[in-house]
Amino acid sequence: MMDDRAPDETIEIAVDGHKVVAYSFGSGEEVLFCVNGGPGLPCDYVRDSHSWLADKGYRVVAFDQLGTGKSDRPDDDALWTIERYVEETETVRTALGLGPVHYLGQSWGTWLGQEWALAYPESFKTITLADGAGDIPHLVSELHRLRDALGHETVAMMQRHEAEGTLEHPTYQAAITILNYRHVCRLDEWPAPVMRSLGDWNMAPYEAIQGPNEFCYTGSIKDKNWLPELHRIHQPALVVCGQHDELTPACSMKIASALPNAQIKVFPNSSHLPMFEEPEAYFETLLAFLDANRG
């Protein structure tokens, strides 16, 4: 289902004196506005996996967030906040004249999406939150549970390296690699768009907002909890995740339970990237939701 197609348009947008680059596929009136994970990743993996939906009557739009991909990469740590990225997301939507969109956020894109949806409730028709969490302290407790499966000695080793700041040690990195293959992508060979995004990771926004890796939260996001406010989002919502997701089904269930108009789907053979791990089931679910909420 994934396309290698080139965008129909590549557009440069001015955001607070910086250049942000957006990509558009198709010409449908219904806009699927895709926001990728990270933070600090270019949008390749979410853009390329969803671009084929242009053949289903949707205009598919994605963008490289500031600091990533073809967008500017300023060296200013003050820029790396979720609040600034919310304003950037809305600036991109309005600059492209998209109108109310079908928002799709994956991973970090779900955190950004919840914050953006609460700030700009008139900017979207539907919201899809894929592989996300609404309560970061709860997510951290779930990640500890996943880490515990590695065994007490391995967890103790990881905690020691985290305390000492020696996260590049080979034993620590080996444990992270195992966790990534269990809970980020369970495919033996990770897809090319995923590897392109990971290979061009800007760690500055990632470390500022999240932390040093997928299983250690020390950044500004670590105490966030959107769940008490999600009752204000009345648009149709789709919440999806993988059974083995690092952002676990329990995290997705909390989001779906807090939203007034949500449905949830857990893909049994996926971890954090069901659009690649179970593409047929993922896109069948997504298209059914989008098609039911056209107009």
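Taking CE from Met275 and SG from Cys34, the interatomic distance works out to 9.0 Å, rounded to the nearest 0.5 Å.
Among residues at least two apart or in separate chains, side chain to side chain donor-acceptor pair (under 3.5 Å) pairs with a member in residues 237-262 are Glu142-Thr248, Asp245-His272, Glu246-His272. Residues in residues 11-23 take part in these side chain to side chain donor-acceptor pair (under 3.5 Å) pairs, two or more places apart or across chains: Tyr23-Asp64. For residues 150-161, every residue pair satisfying the salt bridge (Lys or Arg N to Asp or Glu O under 4.0 Å) rule, not counting sequence neighbours, is listed here: Arg160-Glu164.
A salt bridge links Arg5 and Asp55; the closest N-O separation between the charged side-chain nitrogens and carboxylate oxygens is under 4.0 Å. Ion pairing between Arg47 and Asp44 holds under the 4.0 Å rule for side-chain N and carboxylate O. Under a 4.0 Å N-O distance rule, the pair Asp48/Arg196 qualifies as a salt bridge.
Note: Phe124 and Trp116 have tilted aromatic rings, judged against thresholds of 30 and 60 degrees for the angle between ring planes. Between Trp111 and Trp226, the ring planes are parallel. Angles under 30° get that label, and only those over 60° would be called perpendicular. Relative orientation of the Phe276 and Tyr45 rings is tilted, given thresholds of 30° and 60° on the angle between their planes.
Using a 4.5 Å heavy-atom threshold, the side chains of Thr177 and Leu179 count as separate. Contact of the Thr128 side chain with the Val239 side chain is not registered, since no non-hydrogen atoms from C-beta on lie closer than 4.5 Å.
Listed by chain and number, the residues in a side chain to side chain contact (heavy atoms under 4.5 Å, CB included) with Arg84 are Val15, Leu66, Leu79, Thr81, Glu88 (sequence neighbours excluded). With sequence neighbours excluded, no residue satisfies side-chain hydrogen bond (donor to acceptor under 3.5 Å, both in side chains) with Glu207. Qualifying side chain to side chain contact (heavy atoms under 4.5 Å, CB included) partners for Arg232, counting only residues two or more places apart in sequence or in other chains: Leu118, Glu229.
A distance of 6.0 Å or more separates the ring centres of Phe289 and His102. Proximity of the aromatic rings of Trp52 and Phe25 is defined here by a centroid distance below 6.0 angstrom, and this criterion is not met.
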Q. Could you walk me through whether Gln65 and Trp108 pass the side chain to side chain donor-acceptor pair (under 3.5 Å) check?
A. CA-CA 12 Å; Gln65 296 164 15; Trp108 143 254; 2.9 Å; yes

